[in-house]
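Quick caveat, the model's predicted, so the values are computed rather than measured. First the proteins, then the strands, lettered A, B, ... as listed; each starts at 1.
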Number of protein chains: 2
Amino acid sequence: MKGIRRLAQHLDISIGTVSRALNGKPDVNEETRRRVLQAATELGYVPNQSGRSLRQGTTNIIGFMMQTGTEITGQGDIFFMSVFDGVQAVFARHKLDLVALLCSSEEDPNDYLRRVVARGFADALILSATQRDDPRIEFLAERNIPFVTLGRSLTDAGQPWLDLDFEGMAQASIDRLVARGHRRIAITRPHDDINLGYIFVDRCRRALAAHGLTLDEDLIFRSTPNEAGGYQIARDLLALEEPPTAIVLINETIAIGFYQALSEAGIKPGRDIAVVGRYSPHAHFLSPPLTCFRLSLRDLGIALAETLLSAMPAFKDQYPDAPQNQVWPMELVEGESDAFLVPRR
Amino acid sequence: MKGIRRLAQHLDISIGTVSRALNGKPDVNEETRRRVLQAATELGYVPNQSGRSLRQGTTNIIGFMMQTGTEITGQGDIFFMSVFDGVQAVFARHKLDLVALLCSSEEDPNDYLRRVVARGFADALILSATQRDDPRIEFLAERNIPFVTLGRSLTDAGQPWLDLDFEGMAQASIDRLVARGHRRIAITRPHDDINLGYIFVDRCRRALAAHGLTLDEDLIFRSTPNEAGGYQIARDLLALEEPPTAIVLINETIAIGFYQALSEAGIKPGRDIAVVGRYSPHAHFLSPPLTCFRLSLRDLGIALAETLLSAMPAFKDQYPDAPQNQVWPMELVEGESDAFLVPRR
DNA sequence: CATAGTTCCGTAAACGTTTACGGCAGCCAA
DNA sequence: TTGGCTGCCGTAAACGTTTACGGAACTATG
């Protein structure tokens, strides 16, 4: 005898009553409920997930879809671990479990998602590595599956999304650098499938225009979002006839390689060139410390969870004013990498 | 009408035959099987996971348990993403899905595991962040749930495990440094719950003894496994009356902070002190490049998967000679951080 | 033709839950 | 007393599969 039957037999009541007691339903005497709860913990009873979800068509599982192997976002070390922790904090209150759905680099993300959904794996989904044009969004929207994307997409099905405030970062970076006398300012962007590149470049261009400056196309650097990419950017930058006096780095991990290439050339951030980047645990330990934009990843995770819950019928009323489309502000951490002022002529 | 019933109705045969056809069972005409398979793809039918696992008590899901939020191992996102990719490559051949089971930093890992198991979530498990004394191992072993741990533990239930070859790293590092004239060699270790610390320290001590040297207790540094920890180690090291001439860093990310603290004190790795560490994507971009020990994380993932499969009854015969307990060798990547030779007196 | 064997298929039970439904006490008001 | 109401509980159906079992049709063998 296993499962709920064992519990019922042990208490000498019916399985129906046990189930009602455990799930906080009415129509059960408080004294019996107490006994059931106690016996449940004593016997270590935990409802079988398959049985439960088969009956009520719900799994109490939220899937966070991510791709393994490839470095798409260039978000370093503990990015996801921190976000997860925030998401969990919210879900725990609702007895929801978060699992990471790992799409192999050998499988098409769309196929993978199709499988996950068809199998009825999760009640709702969080999508990361959102593409500029992302078929997954339409797929989920058509099927009325609650989801939220981390990162904006051009594909608009009215879905909720959260994203980092790259406009804010672009604006603040440009304003700051221009105020320090810089006129030739370089920026970096990820590869073309990533939407944030367009957003970021566009806002940089407009911010520069507001100061009467134009964004030189030669000063927009593409690279892989890792240390090696940063290294390459610096090499390319230094090879220019007229190098920029400042640069804004859009990825976290590229700063390390960027610094190294500069160092090899005898160029020092903050003295010979101004550098602004993204926060990462190592940003403070670069020399000189990187001036960068930071946000609380845990808070981002919390917001992500709340927004997702507000899209789920069962929890909608508990999160009436969760943001649907929100850019998440980043704060400026002052380092010394942008201390360099352009000398007046 | 949904699911397998829809398929059966559409083909005008019984659901039993459909199920047998889909699952490759005998007792079904090849012609009908072909028709079923075709109709399945046409209608986009995918078996409901709950129904299936309820009936046959198996989920086709492998769980990789990891802890979010906290930095226990100092291994970042890319570490796991790379390992995952290797694991997936093997599992894909057997139609097994890998999901990451994310234990919140607010929940006890043992409780979490208990829940996961009781719910019947996965067929088998991979445990990471293995503790020196890890109750999860006994728990799983008692219940005959196939699992493998990434990292050794003192808790021995005959379970399979894979681990990095820290003995090999210790031996090679010490031999190398001693051969270059170093006598006062410092090492680092993670906090006390992590088994690798004991393994590593022990082997370092014996390697030194083989050269007639003793390991000075003051030269064993504990720290958090991140950049800040490395920074602190360097500060502590430099504050010693008689600092070591060499150090072996056991974690990946601490090198960055370590370099920085040295740099602030005017000490240069490879010139004033010899440094050996672990590979990370940034190791090559430190100045000077870090001499470090590297391994293919993807291959590690592949081995992990094969070992786990050999512990599962359904796949055991397909992996007859998968290693049960194996240390995974690391290769030395020559940098310049240990170029410093101790001058003869 | 009778029998045995083979090939294929349909039927129904089972997995562990949740929940709609009905029913039995006990109580109160008419 | 009668009727209805409330509080509590048991019964059984349902969720979507898999699979043991039995049986029909056909083939082979005597």
Original post:
What's the closest nucleotide to the B:V28 side chain, out of D:dT17, C:dC9, C:dT17?
Top reply: C:dC9

Original post:
With sugar-phosphate meaning primed atoms plus P, OP1 and OP2, does A:N29 contact a base, only sugar-phosphate, or nothing at under 4.0 Å between heavy atoms?
Top reply: sugar-phosphate

**OP:** Pick base, sugar-phosphate or nothing for B:T32, based on heavy-atom distances below 4.0 Å to the nucleic acid.
**Re:** sugar-phosphate

Subject >> Integer-rounded Å distance: C:dG22 P and A:D27 CG >> reply: 14 Å

Original post:
Mapping A:K25 and B:G51 to their closest nucleotides on DNA chain C, which lands nearer the 5' end?
Top reply: B:G51

Subject >> Base D:dT18 paired with B:R55 side chain (donor-acceptor, <3.5 Å) >> reply: yes

Original post:
Is any side-chain N or O of B:R20 under 3.5 Å from a base N or O of C:dG10, one able to act as donor and the other as acceptor?
Top reply: yes

Subject >> Whole-Å distance separating the CD1 atom of A:I4 from the P atom of D:dG10 >> reply: 12 Å

**OP:** Could you tell me the separation between the OG1 atom of B:T307 and the CD1 atom of B:I302, rounded to the nearest 0.5 Å?
**Re:** 11.5 Å

Original post:
Considering heavy-atom distances to DNA chain D, does A:E30 or B:V18 have its closest nucleotide positioned more toward the 5' end?
Top reply: A:E30

**OP:** Using only side-chain N and O atoms of A:Y45, determine if any of them is under 4.0 Å from OP1 or OP2 of C:dG16.
**Re:** no

Original post:
Atom CD1 of A:I13 to atom P of C:dC24: distance rounded to whole Å?
Top reply: 20 Å

Original post:
Any cation-pi pair here, A:R114 with A:Y112, using under 6.0 Å and within 45°?
Top reply: no

Original post:
Within this structure, what is the CD-to-C1' distance between A:Q56 and C:dG16, rounded to whole angstrom?
Top reply: 12 Å

Original post:
Counting only side-chain N and O atoms of A:S14, is one of them less than 4.0 Å from OP1 or OP2 of D:dG10?
Top reply: yes

**OP:** Nearest whole angstrom, please: distance from the P of C:dC8 to the CZ of B:R35.
**Re:** 14 Å

Original post:
Side chains of B:I61 and B:D123: does their closest heavy-atom pair fall under 4.5 Å?
Top reply: no

Original post:
How close or far is atom P of D:dT17 from atom CZ of A:R119, stated in whole angstroms?
Top reply: 12 Å

Original post:
Which sits closer to the 5' end of DNA chain D, A:G16 or B:L54, going by the nucleotide each is nearest to?
Top reply: A:G16

**OP:** Give a yes or no on whether the ring-centroid distance for A:H94 and A:Y319 is below 6.0 angstrom.
**Re:** yes

Subject >> Nearest heavy-atom neighbours spanning B:S14 and B:A8 >> reply: C-CB, 3.9 Å

Original post:
Would you say B:R52 reaches D:dT18's phosphate, i.e. side-chain N/O to OP1/OP2 under 4.0 Å?
Top reply: yes

**OP:** Take the protein atom CZ of A:F121 and the nucleotide atom C1' of D:dG16, then report the distance between them rounded to whole Å.
**Re:** 17 Å

Original post:
Using a cut-off of less than 4.0 Å, is there contact between a side-chain N or O of B:T17 and OP1 or OP2 of C:dG10?
Top reply: yes

**OP:** Send over the distance from B:Q9 CD to D:dG16 C1', rounded to a whole Å.
**Re:** 15 Å

